[in-house]
Amino acid sequence: MLRIRVQEAPFDIAAEFAALAAGRADIGGIGCFLGTVRGEVGGRPLAAMTLEHYPAMTERALAAIAAEAEARWALLGGTILHRVGRLPPGAPIVLVLAAARHRQAALDATGFLIDWLKTRAPFWKKESFADGGEAWVEARAEDDAAAARHDTTK
Amino acid sequence: MLRIRVQEAPFDIAAEFAALAAGRADIGGIGCFLGTVRGEVGGRPLAAMTLEHYPAMTERALAAIAAEAEARWALLGGTILHRVGRLPPGAPIVLVLAAARHRQAALDATGFLIDWLKTRAPFWKKESFADGGEAWVEARAEDDAAAARHDTTK
Amino acid sequence: MTGFRVHLLYFAWLRERIGRGEEEIEVPGDIRTLGALSAWLAARGPGYASAFAAGKAVRAAVNQSFASPEAAIGPGDEVAFFPPVTGG
Amino acid sequence: MTGFRVHLLYFAWLRERIGRGEEEIEVPGDIRTLGALSAWLAARGPGYASAFAAGKAVRAAVNQSFASPEAAIGPGDEVAFFPPVTGG
């Protein structure tokens with residue numbers, strides 16, 4: 001089972017790695033992706049990024065994404081951790097970990113989890129600029145393409 | 001410039017992530033791979049894994065691998081950290097980090113760094129089994145195939 | 001046909017345009033699909049019209065699962081409208 | 001032809017079979033390539049023979065760069081022999 005959490009608080013990366021590996025020695029590799037708030041968008045300085053989500057659906061969506069990853073790869077554990085609320089530039093937003101016996105499964109599952117999370121979990125980002133302006137982030141066609149890639153491989 | 005280190009001591013994953021992100025807010029994502037010592041090989045319990053290397057060449061080889069990754073992707077930083085010496089089951093062996101504006105570059109560079117490191121850096125692993133036996137790990141054809149993949153793409 | 005009640009949720013800029021995040025609403029009995037519900041909601045006022053004018057850029061979920069305009073809706077359903085997701 | 005000196009390094013099971021990790025050695029002047037050096041070393045004794053018997057499974061570096069059997073070697077070179085690498 002993958003560990004899934006949505007929270008406002010920052011997370012402790014080392015603790016998440018340790019929790020995954022605790023009490024077991026069958027893991028050969030852990031793939032990881034950490035997403036952070038960039039400080040500017042097209043050269044326009046950002047004051048904060050606000051993450052909104054649909055709690056009842058998020059839980060189901062993340063569980064489904066995790067189950068799909070476990071069906072595709074022989075994972076020995078994994079973690080999906082997503083923050084919500086108002087986050088300053090540089091702040092971590094999302095952490096994905098995937099542990100497996102061999103590195104290829106760990107890395108492939110990591111890429112899959114973040115791609116699907118970007119396109120299939122009900123989170124929305126709003127940019128608050130330093131100049132006072134605000135804008136909802138628009139979905140990127142590249143994200144859909146990245147997620148769709150996993151439909152054809154395997 | 002990627003940070004490169006070879007050491008006997010354990011490493012602090014959170015500190016490595018923090019060092020990469022320190023004082024900058026242009027990073028959108030950090031890809032990561034952590035390799036660890038498995039506790040058994042084909043069901044035979046392992047007492048330890050001993051890592052040997054060729055110091056003068058390791059430095060050059062890792063620098064060349066890092067330079068190649070920087071030539072291929074617009075990295076905003078990265079880390080290659082490899083341990084040597086005698087390591088117990090569960091111990092971290094290698095940590096690779098790659099930071100970029102967008103996740104795909106971060107994840108692709110992470111995969112590239114670990115694939116090339118496995119096949120082009122002068123490290124050798126020896127398994128010490130719980131039953132007293134010892135064996136040098138043999139190179140895996142899959143590792144060569146994984147590394148060669150990067151020759152054809154891009 | 002008798003109407004029925006649904007629980008509606010709005011997120012991101014749909015929430016801002018409509019001016020609320022959720023509501024319990026009675027819809028006419030001839031509303032059978034998500035598409036029909038969207039069209040009916042769009043006619044409820046300027047905020048709704050502005051939110052649903054975007055057309056294809058609006059996504060929806062019925063009972064916490066992504067759903068297409070042809071999806072059936074019925075009494076007691078939880079229906080959410082939102083822009084394409086941008087998490088991660 | 002006069003001989004010349006090279007610095008040799010052995011790693012992993014080559015080191016164990018040869019019984020040492022490095023040595024400074026004088027090689028005959030007609031040894032011009034890595035392949036010729038391997039063949040000459042293999043004839044130096046049972047440890048060397050056992051190490052180099054593996055043939056293709058032995059890899060090498062000249063002056064800290066991977067090199068093929070055709071690679072030229074000369075005075076003062078640092079030449080290392082080892083099995084295929086298994087780090088990471």
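Letters A, B, ... mirror the listed sequences (proteins, then strands); counts begin at 1. Values in this document were obtained by computation on a predicted structure and should not be read as measured data. What you see below is based on every heavy atom in this structure, not just the backbone, and it leaves out hydrogens, waters and symmetry mates.
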Crowding at CD, C:Gln64 (>12 non-hydrogen neighbours, <6.0 Å): yes
Interface moiety of A:Ala56 toward chain C, non-hydrogen atoms closer than 4.5 Å: both
Part of A:Lys126 lying under 4.5 Å from any heavy atom of chain C: side chain
Whether C:Thr86 side chain and A:Glu138 backbone form a donor-acceptor pair below 3.5 Å: no
A:Tyr54 side chain near C:Glu78 side chain, heavy-atom distance below 4.5 Å: yes
Under 3.5 Å: donor-acceptor pair, side chain of A:Lys118, backbone of C:Val85: no
Donor-acceptor contact present, side-chain A:His82 to main-chain C:Gly88, <3.5 Å: yes
Flag, side chain of C:Trp13 to backbone of A:Trp136, donor-acceptor distance under 3.5 Å: no
From C:Phe11 atom CZ to A:Met57 atom CE, the distance as rounded to the nearest 0.5 Å: 9.0 Å
Residue selection (most heavy-atom pairs with chain C, distance under 4.5 Å) from A:Arg140, A:Arg120, A:Glu59: A:Arg120
Between C:Gly21, C:Ala80, C:Pro83, the one whose heavy-atom pairs under 4.5 Å with chain A are most numerous: C:Pro83
Pairwise side-chain contact, C:Arg15 with A:Glu52, heavy-atom cut-off 4.5 Å (strictly under): yes
